[in-house]
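The chain is numbered in sequence order, starting from 1. Note that the structure is predicted; figures quoted are calculated from it, not measured.
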Amino acid sequence: MKRKLLLAAGVLILAAAGLALFGRGWLAERAFQSALDKSVGVDQTAAFADGLHLYVCGSGSPMPDANRAGPCLAVLAGQQAFVFDAGSGSIRKLQRMGFPMPRLQAAFLTHLHSDHIDGLGELLLQAWVAGGRSAPLPVYGPAGTDKVISGLRSAYEIDEGYRVAHHGPKVVHPGGFGGAEQIITLPDGTDSQVVYDQGGVKITVIRVNHAPIDPAFGYRIDYKGRSIALSGDTVYSPTFTAAAKGADLMLHEALNKKMVAALGEKLGERGQAANAQIMKDIQNYHASPEDAARSAREAGVQALVLYHLVPAPPVRLIEPMFLGDAPKVFSGTLRLAEDGMLIHLPASSKAVEFTSAF
């Protein structure tokens with residue numbers, strides 16, 4: 001009996017070893033096929049209700065963070081899609097989220113700080129190839145946007161030629177790469193104005209205070225009774241608060257001054273005087289979490305999501321420290337943005353629904 005048990009055990013061990021050795025490839029192939037069936041070429045928005053849907057494609061800042069791309073927000077309004085800023089790494093996050101690039105109508109820039117535009121070249125490329133564009137993407141932004149677009153056009157000119165030659169003009173349309181700048185100029189004394197009004201989607205540009213960067217913009221998107229306000233980079237801004245009045249959702253940048261000051265002190269102690277000075281300088285042209293909460297309360301929004309987090313909390317344990325007194329200032333829904341976050345505002349509803357694409 002003992003011999004039979006040992007023999008049976010040996011057979012089982014050999015079977016397990018065989019499965020591990022030869023079955024691993026089968027399991028990997030099955031997993032790969034499952035991923036193909038689930039995501040490749042599938043319209044990830046097919047189940048979305050008509051309304052506004054916000055994608056957090058980048059919640060970070062210039063500070064290095066493996067989990068957060070540079071500032072980027074995107075909005076799907078019905079069948080029209082838009083991107084607001086394009087920080088480093090954000091467009092790859094956006095595509096991973098299943099953003100419908102063929103529906104992209106335009107990009108909007110809040111200002112021309114490098115961390116808000118250093119992914120713009122990739123956006124223009126993906127709008128062209130993945131989006132199937134045959135004409136440059138309209139890019140709305142402040143004075144100087146034309147210089148940025150021209151520079152990117154030159155930088156990608158050789159690559160454009162390679163792609164047309166390789167894939168052919170029926171696949172990648174000649175002339176489809178690049179941006180068509182739409183310079184936004186707000187007259188003196190004008191704090192906001194509509195810059196896009198098509199197919200039931202209205203986008204309003206808002207003057208904000210990011211001095212010495214001037215101009216700097218926020219935006220408001222309205223569609224079928226739902227609305228989203230995006231601050232861009234700013235201190236507490238009465239103009240933004242007024243323009244965001246009654247919005248369902250506010251996305252507001254946030255910098256925790258105590259935490260940034262602590263970073264500066266440590267850099268100074270370690271002989272990095274220039275970087276320590278930068279930590280001091282950046283405190284005077286960003287909003288604190290409490291400032292953002294004040295803006296949300298005064299605007300009467302339903303939900304507030306903080307993005308462009310400086311410094312972004314690396315673990316949830318630190319999030320209350322980052323928020324400070326913001327929850328006491330704003331009693332509505334308050335969250336910190338994370339890359340991959342999706343926020344749904346169905347038409348004919350007051351709901352603000354949070355999901356994640358990752």
Side-chain angles (χ1 to χ4, degrees), residues 51-61 71-77 82-85 108 110-111 116 191-192 194-195 201-210 216-256 286-310 312 319 322-339 341-347 349-355:
L52 288 174
H53 305 274
L54 182 130
Y55 298 69
V56 178
C57 33
S59 59
S61 72
C72 173
L73 301 169
V75 172
L76 177 63
F82 308 91
V83 172
F84 297 83
D85 286 341
F108 292 81
T110 60
H111 62 297
H116 291 253
D191 292 329
S192 65
V194 175
V195 291
V201 180
K202 183 171 69 174
I203 299 176
T204 303
V205 65
I206 308 162
R207 190 191 306 275
V208 297
N209 181 2
H210 193 40
F217 300 141
Y219 292 95
R220 175 172 174 147
I221 305 95
D222 287 271
Y223 174 71
K224 290 195 173 181
R226 305 310 304 269
S227 50
I228 301 172
L230 317 175
S231 75
D233 283 9
T234 183
V235 296
Y236 167 78
S237 171
T239 57
F240 176 70
T241 302
K245 199 77 172 177
D248 298 290
L249 172 67
M250 176 183 288
L251 275 290
H252 204 296
E253 66 119 89
L255 177 147
N256 184 294
H286 287 286
S288 69
E290 291 85 357
D291 290 332
R294 175 187 172 192
S295 182
R297 184 193 67 209
E298 293 178 354
V301 303
Q302 182 177 343
L304 168 64
V305 175
L306 303 182
Y307 82 114
H308 197 337
L309 307 174
V310 186
E319 289 183 2
F322 180 88
L323 285 169
D325 289 332
K328 297 179 182 177
V329 178
F330 177 67
S331 60
T333 300
L334 172 59
R335 297 202 183 188
L336 297 184
E338 296 178 351
D339 289 14
M341 177 182 281
L342 278 164
I343 310 173
H344 308 281
L345 284 67
S349 169
K350 290 294 184 182
V352 178
E353 303 165 354
F354 291 82
T355 62

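- The shortest distance between side-chain heavy atoms of Leu230 and Ile221 falls below 4.5 Å.
- Residues Leu52 and Val75 are in side-chain contact: their nearest non-hydrogen atoms beyond the backbone lie under 4.5 Å apart.
- The minimum heavy-atom distance linking Val56 with Ala337 is given by the pair CG1-CB, 4.0 Å.
- Scanning both residues, Val310 and Ser61, for their nearest heavy atoms gives CG2-CB, 3.5 Å.
- Distance alone, capped at 3.5 Å, places no donor-acceptor pair between the Glu253 side chain and the Leu306 backbone.
- Between Pro346 and Glu353 there is a side-chain heavy-atom pair separated by less than 4.5 Å.
- Taking the six-membered ring where the residue is Trp, the centroids of His252 and Phe240 are separated by under 6.0 Å.
- Counting only residues at least two apart or on different chains, the salt bridge (charged side-chain N to carboxylate O under 4.0 Å, His left out) pairs with a member in residues 287-297 are Arg294-Glu298.
- Considering CG of Leu251 and OH of Tyr307, their distance stands at 6.5 Å, rounded to 0.5 Å.
- If you check the side chains of His308 and Ser59, you find no donor sitting under 3.5 Å from an acceptor.
- Ser295 and Thr241 share a donor-acceptor pair across their side chains, judged by distance under 3.5 Å alone.
- Between the CG atom in Asp339 and the CE atom in Met341 there is a gap of 10.0 Å [rounded to 0.5 Å].
- Between Ala254 and Ser288 the shortest heavy-atom distance is CB-C, 4.5 Å.
- In this structure, a donor-acceptor pair under 3.5 Å is present between the side chains of Asp85 and Thr110.
- Residue pairs satisfying the salt bridge (charged side-chain N to carboxylate O under 4.0 Å, His left out) criterion with at least one member in residues 217-233, sequence neighbours excluded, are listed as follows: Asp50-Lys224, Arg220-Asp222, Arg226-Asp248.
- Counting all heavy atoms, side chain and backbone alike, Phe82 lies closest to Ala77 at CE1-CB, 4.4 Å.
- Across all their heavy atoms, Ala303 and Val352 have their closest contact at CB-CG1, 4.1 Å.
- Of all heavy-atom pairs spanning Val305 and Phe354, the tightest one is CG2-CE2, 3.7 Å.
- Sorted by first then second residue, the side chain to side chain donor-acceptor pair (under 3.5 Å) pairs that include residues 328-337, not counting sequence neighbours, number zero.
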